[in-house]
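Model, not experiment: these values are computed from the prediction.
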Amino acid sequence: MIEYPHLDKINRPEDLKKYSLEELKVLAQEIREYIIEVMCNTPGHVGANLGVVELTIALHYVFNSPSDKIIWDVGHQSYSHKILTGRREAFRTIRKFKGISGFPSRDESIHDAFGTGHASTSISAALGMAIADKTLNPNSKNTFIAVIGDGSMTGGMAYEAMNHAGDTNANILIIYNDNNISIDSATGALKNYFIHLITSKSYNQLKNTAYEQFKETFLRNIVNKTTSIIKNNLFRHSNFFESFNLRYFGPVNGHDLKQLIDILNNLKNIPGPKILHVLTQKGKGYPPAEKNTVIFHNPGKFDPETGEIFKNTNKENCPIRYQDVYGKTLLELADKDKRIVAITPAMVSSSSLDIMYAKYPDRVFDVGIAEEHAVTFSAGLAAQGLIPFTTIYSTFLQRAYDQIIHDVALQKLPVIFGIDRGGLVGEDGKTHQGTFDLAYLNLIPNMIISAPIDCIELRNLMFTAYNYQKGPFAIRYPKANAEYLDYNLPMELLPIGKANILKEGEKVLVISIGKPGHDVVELYPEFEKLGINPTHVNLRFLKPLDTETLAGLCNKHDIIITIEDGTLYGLSATISHFLIQNKIYSKQISLGIPDQFVEHGSIGELKHMLKYDKENILKTIQQAYREI
């Protein structure tokens with residue numbers, strides 16, 4: 001059992017203040033070792049958390065949580081924060097079913113000031129909280145801190161919030177955690193600006209000169225002297241943050257505890273909106289994570305000694321993932337048509353677009369964590385004749401809802417939406433479950449909405465979408481391994497809006513959409529053993545709905561069971577509306593996700609809890625036959 005003598009004495013943030021600087025440095029190393037010990041067997045976000053250990057210690061050493069509010073953006077950087085705020089032992093349960101969340105959660109701790117599963121929200125939240133605090137408590141000295149980084153600075157909300165903050169006197173401190181990466185390497189013009197800023201020879205000479213000049217009173221006069229020298233002599237027209245009327249400090253070394261504590265103590269006493277630019281290294285202190293930041297963003301299980309990622313070494317028997325089928329099929333289509341391009345908001349490797357990028361880097365666009373821009377940019381590409389496959393996690397596509405409606409669907413632009421992680425995603429929990437897409441897309445005119453029953457149908461739907469070109473076409477697919485290794489069959493054109501009757505039976509009709517349909521198919525032998533014979537239809541398309549097939553089937557069956565990997569306001573509500581419209585009075589039973597946010601756990605555990613895993617599907621069908 002690894003021992004952590006300094007960390008074991010930390011039960012709340014106040015305990016940090018008892019430690020000397022040297023003891024805090026030892027504590028930082030222990031926290032890194034503890035994160036690695038837990039993460040190697042309990043997969044989670046590794047690199048980003050190793051990079052903010054000193055920053056987290058300094059923040060809790062200088063400020064007083066929960067009176068001072070610390071908001072982590074993206075929230076997957078908050079592991080050290082959780083460990084230091086009374087959840088040291090609970091950290092071993094992180095992302096596990098009934099364990100603590102992998103993201104800040106107001107329900108979990110008073111130290112989690114704001115939930116931040118999605119990026120670029122912290123400055124808006126901190127500003128609102130600061131203004132509310134001052135309104136309700138005019139004499140308040142509380143500080144509201146937004147720690148934003150690991151790619152979050154590419155999101156437009158951050159700049160909307162800074163634009164507002166600079167026009168207030170709110171007591172907020174924005175800490176830009178600059179590690180030059182999100183999941184994949186950082187992209188865009190801002191990345192180049194920050195690199196220029198931190199590597200500028202004249203800037204660094206000037207900063208060193210200022211430090212020497214004011215060495216004795218540096219901490220007391222940092223704002224009045226150093227900032228004005230830098231701003232007036234070098235960044236009069238170019239400091240990006242100063243243009244928002246934010247007082248800018250930095251860059252500073254995010255792994256130098258003394259420097260961080262000194263400057264944070266100073267900034268605590270400076271009123272108004274301000275920003276501290278902190279430079280950190282993703283994966284700091286663990287060589288495998290330092291060398292391979294992309295893989296160690298969320299590596300899965302690994303050997304803590306060597307950093308080797310545990311995988312099935314027999315590659316011929318290793319299941320391929322849905323996202324890989326998507327990526328390889330997209331490359332196959334791109335080989336045949338140079339008009340095909342791919343767009344992603346900072347998820348090139350996570351959505352397997354790296355497969356296409358390796359061959360056609362100029363045809364894969366990583367726009368950063370900017371889903372709204374990704375969708376409207378795709379609309380522009382489509383308007384000029386390209387064929388964009390806009391590939392976005394279901395949970396993040398929500399952020400571009402207006403753009404889907406106004407910029408794509410309203411204009412009938414042929415954008416193909418590859419909706420990755422549709423349905424339950426497991427351990428990332430409430431903020432990342434892809435449960436709403438079928439429901440919210442179904443409200444939008446001109447949309448084709450589809451979900452494949454298996455990886456072969458995914459390929460066929462991609463081929464069908466490519467050939468459609470009359471308007472937006474959504475294909476939602478799950479976070480799951482593909483069902484077949486020999487999926488790479490010739491692609492077929494599917495009739496749009498046409499369901500597929502997989503099994504004809506009697507009395508009970510099972511209507512499925514997406515991967516749950518494959519679970520039903522795997523139950524066919526059980527049906528035979530039990531002497532029951534339900535009809536099973538793979539809907540394929542939620543919109544347009546195959547009303548002809550449904551009318552014929554629903555009128556012939558006593559009980560209709562709908563199964564979906566999403567909120568019941570998707571397929572279930574659609575079928576319910578169809579039955580009412582057509583005055584069909586068969587009983588409907590709905591399996592899927594009720595009106596709730598779904599916690600974290602494995603996908604299997606969550607499906608069982610929600611009663612639409614194979615075991616519960618079988619029980620539901622059996623019970624239906626008993627009722628007839």
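- In this model, no donor atom of one side chain and acceptor atom of the other lie less than 3.5 Å apart for Lys98 and Thr93.
- Taking the six-membered ring where the residue is Trp, Tyr322 and Tyr477 present parallel rings, their angle staying beneath 30° rather than reaching 60°.
- Closest non-hydrogen pair, Asp546 versus Gly497, comes out as CB-O, 3.2 Å.
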Query raised in the report: Going through the checks in order, is the salt bridge (Lys or Arg N to Asp or Glu O under 4.0 Å) test met by Glu615 and Lys619?
Result: CA-CA 6 Å; Glu615 177 186 340; Lys619 286 180 180 178; 3.1 Å; yes
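- The number of heavy-atom neighbours closer than 6.0 Å to NE2 of His164, taken from other residues, nucleotides and ligands shown, is 12 or below.
- In this structure, Glu548 places its CD atom where only 12 or fewer heavy-atom neighbours from other residues, nucleotides or ligands lie under 6.0 Å away.
- Proximity of a side-chain donor or acceptor of Asp366 to a complementary backbone N or O of Gly368 within less than 3.5 Å is detected.
- Looking at residues two or more places apart in sequence or on another chain, you find a side-chain contact (heavy atoms from CB on, under 4.5 Å) between Tyr569 and Ala439, Thr567, Asp595.
- Remark: side-chain polar atoms of Lys82 are paired, donor with acceptor, to backbone N or O of Ser101 under 3.5 angstrom.
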Query raised in the report: Are Asn538 and Glu457 close enough, and set up right, to give a side-chain hydrogen bond (donor to acceptor under 3.5 Å, both in side chains), and what steps lead you there?
Result: CA-CA 11 Å; Asn538 168 31; Glu457 193 162 87; 3.1 Å; yes
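- Of all the heavy atoms in Ile603 and Val425, the pair that sits closest is CG1-C, 3.8 Å.
- Between the side chains of Gln398 and Tyr393, no donor-acceptor pair is found at a separation under 3.5 Å.
- Using a cutoff of 4.0 Å between basic side-chain nitrogens and carboxylate oxygens, Lys515 and Glu483 are scored as salt-bridged.
- The backbone N or O of Leu591 sits nowhere less than 3.5 Å from a side-chain atom of Lys611 that would complete a donor-acceptor pair.
- Without hydrogens or angle criteria, Gln403 side chain to Val375 main chain gives no donor-acceptor distance under 3.5 Å.
- The two atoms that bring Tyr360 and Asp335 nearest to each other are OH-OD1, 2.6 Å, heavy atoms only.
- In this structure, Glu627 pairs ionically with Lys587, as a charged nitrogen and a carboxylate oxygen lie closer than 4.0 Å.
- Note on residues 424-434: pairs passing side chain to side chain donor-acceptor pair (under 3.5 Å), not counting sequence neighbours, are Arg95-Asp428.
- Across all their heavy atoms, Ala551 and Phe578 have their closest contact at N-CZ, 3.5 Å.
- Open room surrounds NZ on Lys507; 12 or fewer heavy atoms of other groups in view lie less than 6.0 Å from it.
- Residues satisfying the salt bridge (Lys or Arg N to Asp or Glu O under 4.0 Å) criterion with Asp519, sequence neighbours excluded, are Lys607.
- Atom CG of Leu397 sits about 11.0 Å away from atom CG of Asp420, to the nearest 0.5 Å.
- Remark: side-chain polar atoms of Ser586 are paired, donor with acceptor, to backbone N or O of Cys554 under 3.5 angstrom.
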